[in-house]
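Structure first, then comments.
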Amino acid sequence: MLPGLLLVAVILLAVTIPWYWSQLLRWADGIPRATPCHRWLGNLREFLGKSPSEVFLLLDRHFRQHDRLFTFRFGPQVAIGVTHPELVQKVLTHPACQAKSDVYKVVRLPNGLLAAKYDVWKMHRKTLNSTFNARILESFVPIFNDCTRRLVGRLDRYTRPGAGPCNILEYISACTLEMICRTSLGGQVLERDGAEQFISNLEVALKTIGIRIFNVFLHIDFIYQFTELYRNEMKAIGVCQRFTKKIIQDKREEIGRTFIETGIQQRPTEETYKKPQIFIDQLMKIPATQPGARHFSDDEISDHIYTMIVAGNETSATQLAHTCLLLAMHPDVQAKAYAEVYELLPDSAQEVTIELMKDLVYLERVLKETMRLMPVAPLIGRQNLTELVLDGHRIPKGTMLLFNFYSLHRRKDIWGPSADEFDPDRFARTAPPYHPYAHLPFSGGPRGCIGYRYAMMSLKALLASILRNYELTTRLRYEDIRFQYQISLNLAFAHEVQLRRRD
């Protein structure tokens with residue numbers, strides 16, 4: 001009797017599951033599919049066992065094969081790949097599409113703008129906009145200049161006779177980390193006890209995110225908690241949090257002492273902006289500068305600071321290293337960029353100012369073109385909070401929407417037959433011929449990167465100083481570039497450049 005019942009149950013499951021899935025996914029029948037697509041597994045089989053770099057190449061192939069939108073299917077789950085800039089704009093600017101997908105939970109920063117749930121993000125973003133205003137960003141320029149001088153001092157060893165090439169990413173990463181720490185936590189942060197352990201453990205935590213984000217099984221918390229990767233991550237996060245909590249505690253005590261001495265909350269004055277307006281100070285003073293705004297808790301402040309570091313350090317460093325390598329591969333472009341820098345900075349010891357940054361027009365084109373070809377954050381995901389209609393197709397609430405900016409930035413129907421070539425002059429026109437959502441190195445819409453102006457200012461200051469002091473060459477060829485993908489788009493090999501002092 002029992003074997004017969006089991007046989008009937010198996011038959012019912014074999015018939016019912018495919019029928020249920022077909023009914024569940026019927027809404028997606030009219031949308032083009034990524035192929036090959038298995039009846040039950042969908043596209044899952046194609047991605048299983050692939051490294052992050054192989055997954056990136058697979059995604060790029062699928063996104064290039066579809067003009068407007070298409071579906072990925074992972075078992076009963078359907079994701080929409082959005083490929084055309086018109087649809088990209090519609091989704092990224094839609095009020096119901098500002099929620100991040102569940103993939104972002106691996107970042108473990110529930111209050112930070114990068115990974116926060118929609119309601120938390122909406123409330124915090126409005127408050128934080130003021131901490132990135134032009135006057136505050138301008139106050140950081142002395143820090144940018146000081147960090148840049150230190151970078152040049154470290155790179156000079158590679159200009160000596162017999163010195164070989166250097167992996168310039170290593171040195172730029174140390175510099176951008178110093179920048180982001182000093183502008184977010186304070187000028188003496190890297191001289192505090194425990195700073196070295198903080199930096200080394202921060203790197204462990206970042207690498208863990210990169211490994212986990214592309215392993216579908218590690219997204220299951222029950223499985224992940226039994227891995228050594230999890231134990232290493234928890235240990236690293238603990239070290240980092242203890243370091244920042246001590247800074248937050250010290251800052252609160254400092255603000256408390258100031259209040260006791262003056263009897264008032266300190267509001268910004270003209271004199272205030274003559275010194276750097278550190279991010280952690282801004283977060284703690286928000287109620288004084290924004291009447292009616294609530295205090296951020298210590299956990300919220302910590303999440304916002306780590307979001308700044310996670311989102312700002314690796315991306316800026318990698319983007320600048322990409323730029324240096326492309327300039328080394330294209331000496332004619334480098335010569336043109338250097339001519340502009342030399343005209344504005346005839347003295348190599350001269351500091352970059354906010355006014356001078358506005359005149360680095362060609363340098364900005366170089367950065368934009370590098371971001372087009374090699375965007376460090378090429379893949380993002382969103383989730384619609386209500387039903388959405390795209391090209392006449394009804395997309396149910398809660399569907400994952402995927403965007404691949406690497407593929408978008410290389411569409412030949414937008415960028416022409418030379419879309420895969422490095423040509424900064426394509427950004428020379430005042431009114432660009434391309435769609436405004438065809439170039440998205442900082443994403444787009446209301447949930448675009450809040451720190452894009454900070455990034456451009458720091459990148460301009462660094463690149464101008466590097467070009468003013470060094471001529472860059474490399475044995476690597478542009479056609480040999482290969483990518484690997486973890487938390488950001490990087491090269492499959494070192495950013496190897498040879499440096500020659502210009503003076």
Between [X] (side chain) and [Y] (backbone), is there a donor-acceptor pair under 3.5 Å?
X	Y	answer
Arg502	Tyr470	yes
Gln498	Ala328	no
Lys460	Ala455	no
Arg382	Met400	no
Ser465	Ala461	no
Gln319	Met374	yes
Trp415	His409	yes
Thr176	Ser173	yes
Thr244	Cys240	yes
Ser443	Leu440	no

Requested in this report: Check step by step if side chain to side chain contact (heavy atoms under 4.5 Å, CB included) holds for Leu462 and Met457.
Outcome: CA-CA 9 Å; Leu462 279 164; Met457 286 172 61; over 6 Å; no

For the atom pair [atom1] ([X]) and [atom2] ([Y]), what is the distance rounded to the nearest 0.5 Å?
X	Y	atom1	atom2	value
Leu356	Leu344	CG	CG	4.5 Å
Leu177	Ser316	CG	OG	11.0 Å
Leu109	Asp303	CG	CG	5.0 Å
Leu320	Ile168	CG	CD1	7.0 Å
Cys181	Ile143	SG	CD1	11.0 Å
Leu325	His330	CG	NE2	9.5 Å

Query raised in the report: How far apart are the C-alpha atoms of Asp60 and Arg64, what are their side-chain angles, what is the distance that settles it, and do they pass the salt bridge (charged side-chain N to carboxylate O under 4.0 Å, His left out) test?
Result: CA-CA 6 Å; Asp60 179 47; Arg64 287 179 187 249; 2.9 Å; yes

Under the salt bridge (Lys or Arg N to Asp or Glu O under 4.0 Å) definition, can you give me all pairs with a residue in [range], not counting sequence neighbours?
range	value
residues 446-459	none
residues 479-489	Arg477-Glu479, Arg477-Asp480
residues 224-237	Arg108-Glu233

Requested in this report: Report, as yes or no, whether the 6.0 Å neighbourhood of atom CD on Glu343 holds more than 12 heavy atoms from other residues, nucleotides or ligands.
Outcome: no

**Report entry** Asp332 CG: over 12 foreign heavy atoms closer than 6.0 Å
**Finding:** yes

Looking at [X] versus [Y], is the centre-to-centre ring distance below 6.0 Å?
X	Y	result
Phe279	Tyr454	no
Phe217	Tyr224	no
Tyr434	Phe427	yes

Measure the acute angle between the ring planes of [X] and [Y], then classify it against the limits of 30° and 60° as parallel, tilted or perpendicular.
X	Y	result
Phe226	Phe222	perpendicular
Phe56	Phe483	perpendicular
Tyr306	Phe198	tilted

Requested in this report: Applying side chain to side chain contact (heavy atoms under 4.5 Å, CB included), run through His295 and Glu300 and close with a yes or a no.
Outcome: CA-CA 10 Å; His295 285 272; Glu300 289 170 336; over 6 Å; no

How close do [X] and [Y] get, heavy atom to heavy atom, and via which atoms?
X	Y	answer
Gly312	Ile180	CA-CD1, 4.3 Å
Ala337	Leu363	CB-CD1, 4.1 Å
Cys324	Leu463	SG-CD1, 4.3 Å
Ile172	Leu151	N-CD1, 4.2 Å
Phe63	Val82	CE2-O, 3.7 Å

Can you find a side-chain donor-acceptor pair between [X] and [Y] that sits under 3.5 Å?
X	Y	result
Ser139	Gln277	no
Arg125	Asn129	yes
His124	His304	yes
Tyr437	Thr93	no

Query raised in the report: Can you list the steps and then say if Glu340 with Leu360 is a side chain to side chain contact (heavy atoms under 4.5 Å, CB included)?
Result: CA-CA 7 Å; Glu340 178 183 75; Leu360 292 169; 3.9 Å; yes

Less than 4.0 Å between a side-chain N and a carboxylate O, is that true for [Y] and [X]?
X	Y	result
Arg501	Asp156	yes
Arg212	Asp221	yes
Asp425	Lys336	yes
Arg182	Glu178	yes

**Report entry** All side-chain contact (heavy atoms from CB on, under 4.5 Å) counterparts of Pro424, not counting sequence neighbours
**Finding:** Val333, Tyr362, Arg365, Val366, Glu369, Phe422

Requested in this report: Check ring-ring contact (aromatic ring centres under 6.0 Å, His included) between His495 and all other residues, then give those that pass, not counting sequence neighbours.
Outcome: His322

Query raised in the report: Looking at Arg252, Lys251, Lys246, which one forms a salt bridge (Lys or Arg N to Asp or Glu O under 4.0 Å) with Asp298?
Result: Arg252

**Report entry** Derivation of the side-chain hydrogen bond (donor to acceptor under 3.5 Å, both in side chains) call for Tyr230 and Thr208
**Finding:** CA-CA 8 Å; Tyr230 170 78; Thr208 302; over 6 Å; no

Query raised in the report: Going through the checks in order, is the side chain to side chain contact (heavy atoms under 4.5 Å, CB included) test met by Leu467 and Leu327?
Result: CA-CA 10 Å; Leu467 285 178; Leu327 288 174; 4.0 Å; yes

Query raised in the report: By salt bridge (Lys or Arg N to Asp or Glu O under 4.0 Å), which residues pair with Arg154, not counting sequence neighbours?
Result: none

